[in-house]
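These figures come from a predicted structure and were not determined experimentally.
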Amino acid sequence: MADAQTPGDLPAGASYDLLRRRLRARVREVVDSAAELDGRRIETFGSTPVRLSSSDRLQTDVACSPRDMARVGDVLVLGYNVSLDLAAVEPEHVFSLYRRHESESESGDELAPVPGDDAANFLADVAFREDFEKLYKFYGKARFADLRVADGQLLAAFRIGERLDDVVVLRWGVTDDGAVTFLDSSGDRDYTWPDRHDVEWRESGRDDQIAGAHPAVSVLGEVFVGFRGGRMQIRVEDGSTGGRVELDEVVAVPGQSLADVAVGYAEVGDVLLLRVQLYSEAERFYIVSRRTRSVKRVDAVGDAIRTLPGGDGVVFPGGYHLATTGTRVFDVPVDGMIFEEAVVSPNGEDILYVFHDGETGEYLLAPYNMVRREITQVIPCHGYASFADGATVLFRGAPDDAAASRVHPIQWWDTPFVDDDHLDRANPDGDAWVRRVGNADLVSGLGDVFDVGRLVEESDPTERTWEAVIVAARRALDTNLWMADPEAKPVHDAMRDIVDTSGLLVDEYVKVRRLRAEAANRVDEAGRAANRTIAVSTQAKTPTDVVGALGSLRRSRGEASLLSDVPEVDDTAVEALIAELDTAISGLAEKAGSILEIGRASCRERV
């Protein structure tokens, strides 16, 4: 069984402290070396952070709500929903076409409308206008829902019913050079969504139920879901009997039993995902860190979840969980958000996870950096589109921006999500070894090094922490072959030392656990002996009995006081045992006075 330590339960002693200081010093060295190497990588291959570059406003002829946008070639397609009761809805009320004009000024790039007589204005296509007119004629409550570019097609989805899949989808063919040709209004088969989850869910069965005073459903023997006092409890295995309570939550229907509960789970490396269906309630979802034994409720997991590269964690609408840093949830609305796509930058450094609410049309963009292994911000918007050079424009996602208006705030962002033909090639004057290794391999390896650094710098490490450090460092050495090159010798040697020192820290924990078990046994034995001595002392009725009992109690107290010198002993338990013996000695001393007085009176009577 793994260690039963909780955060903050550290082994004391010069050996452990010395090893930990040595490990931290080595980690600082390897992180500095990795940072220097990352600088050489950026100098050679370049790197573009995701950042806001400018803001602007677009004006429409009628009041409408921004819904979505897409780019085809050099043309930006914007989609709206008209809020006015118009006698006839024209394509220009729903769509508008723009071209981007790059600018070096502080105001940033600008959008200029595509003229009606421009060859790129595909809204003028007669077949399209006929199908558009039929759509609004036959479905009076039709409303624009979504724009999407995929597999050489531009799709425009219109909701015609209450369900999200009640749609008519207009579609255009898009050539490699950006030419757009209207096809038909039968694109509903092409308009599909990815699976909400990419993890395999399994259900707990009757064999997983544990009977007893407080029955529970066991999930892999690590997490236990049950009820106590009319509330649901989630306990984690920590080496103690029954585990440790991590969450205690109110339920809508008190008094339910395990027969009313369905528990599902999925494993993603260090992460254990829980799905709990209570009686007459919506499903609840939880993220469990198997290393730290912590549990956090995140219901957004039920809407969508994606595994991060390398199985390092998971991302969900509005947050993510990493094995090294735990769970982070951003303060943004996420109800109804489902996964739409993941856009990988050509240099392999960044991934953009896109979540979309099909009901409201809102998007949530979550850019994940593979070197830092983090999402620093999530970007809400009402549609976005990226140009070939990575410049991304979006309808601003503030709460008031969804209201019908003739003025629509937009934002320009710099991003690394460029088209393949715009990827910056390696700097010919850059580091030759860095060019030979390649950007993608360096990104992966540097991310592994920084992961190890974060693990070692935990404020409350346990044995599991050092075991995780060993696994992460070994994986980095085994999977990143460039670390064996002479140019990466500082990184390689430091990582080897980290593995060795972490192993010594694990050994220190094993030694401490053994010493604590031995000390606990000695305290238990002393406690049982003291209880027997106390029980005998309560039967003392003569002065001789009292003197003998007091002597035994004092000997027991002396033996108990010596336990304080036992390595890794529980001082609180020793103090409690001594206090119990002191109470017995005081009580017997008070009783001795009356017994001795009775003895003296008996002697006077005989005289």
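Remark: side-chain polar atoms of Thr415 are paired, donor with acceptor, to backbone N or O of Gly390 under 3.5 angstrom. In this structure, Glu281 contributes its side chain and Ala252 its backbone to a donor-acceptor pair below 3.5 Å. The main-chain N or O of Leu123 is found under 3.5 Å from a side-chain atom of Arg129 such that the two form a donor-acceptor pair. Judged by distance alone, with hydrogens and angles left aside, the side-chain atoms of Ser405 form no donor-acceptor pair with the main-chain N or O of Ala63 at under 3.5 Å. Looking only at distances, no side-chain donor or acceptor of Glu92 sits under 3.5 Å from a matching main-chain atom of Asp61. When atom types are taken as modelled, the side chain of Ser65 and the backbone of Ala402 share a donor-acceptor pair closer than 3.5 angstrom.
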Practice task
Could you please spell out the steps behind the salt bridge (Lys or Arg N to Asp or Glu O under 4.0 Å) verdict for Asp166 and Arg163?
Solution key: CA-CA 5 Å; Asp166 285 339; Arg163 301 202 321 267; 3.4 Å; yes

Problem - Stepwise side chain to side chain donor-acceptor pair (under 3.5 Å) check, Thr360 with Glu362 - result: CA-CA 5 Å; Thr360 65; Glu362 294 175 290; 3.0 Å; yes

Practice task
Go through the steps to decide whether Tyr136 and Phe132 satisfy the test ring pair (Phe, Tyr, Trp, His ring centres under 6.0 Å), and finish with yes or no.
Solution key: CA-CA 7 Å; Tyr136 275 88; Phe132 184 92; 5.0 Å; yes

Exercise for the section: Verify side-chain contact (heavy atoms from CB on, under 4.5 Å) between Leu37 and Val434, making sure each step is shown before the conclusion. Expected result: CA-CA 9 Å; Leu37 179 54; Val434 169; 4.3 Å; yes

Exercise for the section: Output, in order, the C-alpha distance, side-chain angles, deciding distance and verdict of salt bridge (Lys or Arg N to Asp or Glu O under 4.0 Å) for Arg40 and Glu36. Expected result: CA-CA 7 Å; Arg40 289 159 56 192; Glu36 186 271 335; 3.5 Å; yes

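Using a 3.5 Å distance cut-off with no hydrogens or angles, the side chains of Ser47 and Glu349 do pair a donor with an acceptor. Side-chain contact, Asp357 with Tyr363: no donor N or O sits under 3.5 Å from an acceptor N or O. Inspection of the Asp431 and Thr44 side chains reveals no N or O donor paired with an N or O acceptor under 3.5 Å. At a cut-off of 3.5 Å, with distance as the only test, no side-chain donor of Tyr80 or Asp68 sits close to an acceptor on the other residue.
Taking the charged nitrogens against the carboxylate oxygens, Asp38 and Arg41 do have a contact shorter than 4.0 Å, which makes a salt bridge. Under the 4.0 Å criterion applied to side-chain N and carboxylate O atoms, Arg291 and Glu458 are assigned as salt-bridge partners. A salt bridge is absent between Arg306 and Asp195; no separation between the charged side-chain nitrogens and carboxylate oxygens falls under 4.0 Å. Using a 4.0 Å cut-off between charged side-chain N and carboxylate O, Glu249 and Arg284 make a salt bridge. Between Asp190 and Arg171, at least one side-chain nitrogen of the basic residue sits less than 4.0 Å from a carboxylate oxygen of the acidic one, meeting the salt-bridge criterion.
Within a 6.0 Å sphere centred on CG of Asp177, heavy atoms belonging to other residues, nucleotides or ligands number more than 12. Counted within 6.0 Å of CG on Asp335, heavy atoms from surrounding residues, nucleotides or ligands total 12 or fewer; the atom is thus considered open. Sparse packing is recorded around CG of Asp331, with 12 or fewer heavy atoms of other residues, nucleotides or ligands lying under 6.0 Å away. For Glu133, the CD atom is loosely surrounded, since the number of other residues' heavy atoms within 6.0 Å does not exceed 12. In Asp151, the CG atom is not crowded: 12 or fewer heavy atoms of neighbouring residues, nucleotides or ligands sit closer than 6.0 Å. Heavy-atom contacts from other residues, nucleotides or ligands closer than 6.0 Å to CD of Glu43 number 12 or fewer. Heavy-atom contacts from other residues, nucleotides or ligands closer than 6.0 Å to CZ of Phe330 number more than 12.
Distance check: Ile410 CD1 to Leu111 CG gives 4.5 Å after rounding to the nearest 0.5 Å. To the nearest 0.5 Å, atom CG of residue Asp350 and atom CZ of residue Phe417 are 5.0 Å apart. Atoms CG and CZ, from Asn369 and Phe450 in turn, are 10.0 Å apart once rounded to the nearest 0.5 Å. Distance check, rounded to the nearest 0.5 Å: CG of Asn480 to CG of Asp441 gives 7.5 Å. To the nearest 0.5 Å, atom CZ of residue Phe316 and atom CG of residue Asp303 are 11.5 Å apart.
Pairs engaging residues 265-277 under the side-chain hydrogen bond (donor to acceptor under 3.5 Å, both in side chains) rule: Arg202-Glu267, Glu203-Arg275, Glu267-Arg290, Asp270-Ser289 [sequence neighbours left out].
For Val253, the side chain to side chain contact (heavy atoms under 4.5 Å, CB included) test picks out Gln256, Tyr279, Ser280, with sequence neighbours left out. Under the rule for a side chain to side chain contact (heavy atoms under 4.5 Å, CB included), the partners of Asn81 that lie at least two apart in sequence or sit in another chain are Arg67, Arg143, Phe144. With sequence neighbours left out, the side chain to side chain contact (heavy atoms under 4.5 Å, CB included) criterion links Ala398 to Arg396, Asp401. Checked against salt bridge (charged side-chain N to carboxylate O under 4.0 Å, His left out), Glu359 has the following partners two or more places apart in sequence or in another chain: Arg159. Residues that satisfy the side chain to side chain contact (heavy atoms under 4.5 Å, CB included) test with Arg57, not counting sequence neighbours, are Val407, Pro409.
The aromatic rings of Phe395 and His408 stand perpendicular to each other, their planes meeting at an angle above 60°, with 30° marking the opposite boundary. A perpendicular orientation is assigned to the rings of Phe182 and Trp172, their planes being inclined by more than 60° (bins at 30° and 60°). Ring geometry for Phe95 versus Phe158: interplanar angle over 60°, hence perpendicular rather than tilted (30 to 60°).
Looking at heavy atoms from C-beta onward, Glu246 lies out of side-chain contact with Val223 at the 4.5 angstrom threshold. Between Pro309 and Tyr368, some side-chain heavy-atom pair lies under the 4.5 Å cut-off. Side-chain contact between His356 and Phe339 is absent, with no heavy atoms from C-beta onward closer than 4.5 Å. No side-chain heavy atom of Phe387 sits less than 4.5 Å from a side-chain heavy atom of Thr392.
A cation-pi contact links Arg148 to Trp193, judged by a cut-off of 6.0 Å to the six-membered ring centre and 45° from its axis.
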